[in-house]
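Order of listing sets the numbers, starting from 1, for every ligand and every atom in it.
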Amino acid sequence: MNEKKIAVVTGASSGIGAATVSALAGLGYQVIGGARRLDRVEDIVAAVGGTALPLDVTDPASVQAFAARVPRAHLLVNNAGLALGVGSIAEPNEAMWTTMYETNVLGVLRMTQALLSALVASGDGHVINVGSIAAFETYAGGGGYTASKHAARALTRTLRLELLGQPVRVTEICPGLVETEFSIVRFEGDSERAAHVYDGLDPLSAEDIAECISFAASRPSHVNIDEIVVRPRAQATAHHVHREATK
Ligand code: NAP
């Protein structure tokens with residue numbers, strides 16, 4: 001009997017990662033999900049018969065312990081990520097920048113390094129990094145987040161160059177506004193402020209992004225989807241958003 005292909009999804013406790021767990025299971029993958037809130041990953045992954053493991057991508061030891069429990073891997077979805085605050089460059093917010101870099105850049109680096117040999121050994125590997133339109137656009141107050149996503153984009157593109165000739169595809173998914181817990185995290189639990197981010201427009205859903213990830217993953221092996229940029233119809237750039245008046 002053929003063993004199922006294994007897909008690893010980081011940030012599987014919420015939002016895009018949780019939706020991706022279900023979508024990839026639907027494609028026939030055995031899914032291993034990781035995040036810091038293990039109880040939530042367990043609930044999400046149990047629904048599709050997958051495996052939940054604790055993971056903090058900012059902690060090299062946690063990444064190593066996680067990778068040691070991954071027996072083989074065809075697909076790595078580097079989805080774990082966050083924005084913190086909307087502080088200007090002038091403000092003293094280096095700690096937030098450090099956390100965003102540790103998670104969005106070095107977290108992707110650590111996970112990729114930890115699983116790359118398994119992906120190559122699979123003979124048909126794939127790394128899908130969840131970037132953002134913030135990877136190539138900027139907005140006032142978004143310096144730390146946009147800088148980290150720009151850096152992650154550079155990492156993704158460098159990886160594609162360095163893997164040329166190896167059996168591993170590299171894809172970047174760049175969403176605009178998606179309604180998840182992203183803004184609640186950004187505004188430190190202030191869900192009222194977070195909800196205003198989506199006032200008067202239909203944002204993307206986590207499932208919309210999971211479909212993009214599934215599309216890239218399910219192309220034939222010789223087809224590399226380099227990137228998918230996906231936004232709500234009501235969003236032209238990070239700061240050009242059309243909002244209908246709310247009643
Ligand atoms: P979300 O609902 O807040 O989910 C973020 C996930 O990342 C959670 O599962 C969280 O899990 C995980 N995570 C955060 N820090 C982590 C760490 N140190 N180690 C392991 N996991 C960690 O937000 P989302 O919108 O689904 O975000 C997913 C990705 O999409 C992020 O990379 C984000 O930058 C990107 N993105 C989001 C949007 C948007 O508008 N929502 C737009 C463009 C791109 P734990 O807290 O349990 O660890």
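Around ligand 1 you find Gly11, Ala12, Ser13, Ser14, Gly15, Ile16, Ala35, Arg36, Arg37, Leu55, Asp56, Val57, Thr58, Asn79, Ala80, Gly81, Thr103, Val130, Gly131, Ser132, Tyr145, Lys149, Pro175, Gly176, Leu177, Val178, Thr180, Glu181, Phe182, Val185, each with a heavy-atom distance below 4.0 Å.
Side chains of Asn104 and Ser148: a donor on one and an acceptor on the other come within 3.5 Å. For the residue pair Ser221 and Asp124, a side-chain donor N or O sits within less than 3.5 Å of a side-chain acceptor on the partner.
Listed by chain and number, the residues in a salt bridge (Lys or Arg N to Asp or Glu O under 4.0 Å) with Arg219 amount to none (sequence neighbours excluded). Under the salt bridge (Lys or Arg N to Asp or Glu O under 4.0 Å) criterion, Arg72 pairs with Glu3, sequence neighbours left out.
Remark: Arg243 fails to qualify as a cation-pi partner of Tyr198 under the 6.0 Å distance and 45° angle criteria applied to the six-membered ring.
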Using a 3.5 Å cut-off and no angle test, enumerate the donor-acceptor pairs between side-chain atoms of residues 131-138 and protein atoms at least two apart in sequence or in another chain.
from, atom 1, to, atom 2, distance (Å)
Ser132, OG, Ala134, N, 2.8
Glu137, OE1, Ala238, N, 2.6
Glu137, OE2, Arg231, NH1, 3.0
Glu137, OE2, Arg231, NH2, 2.9

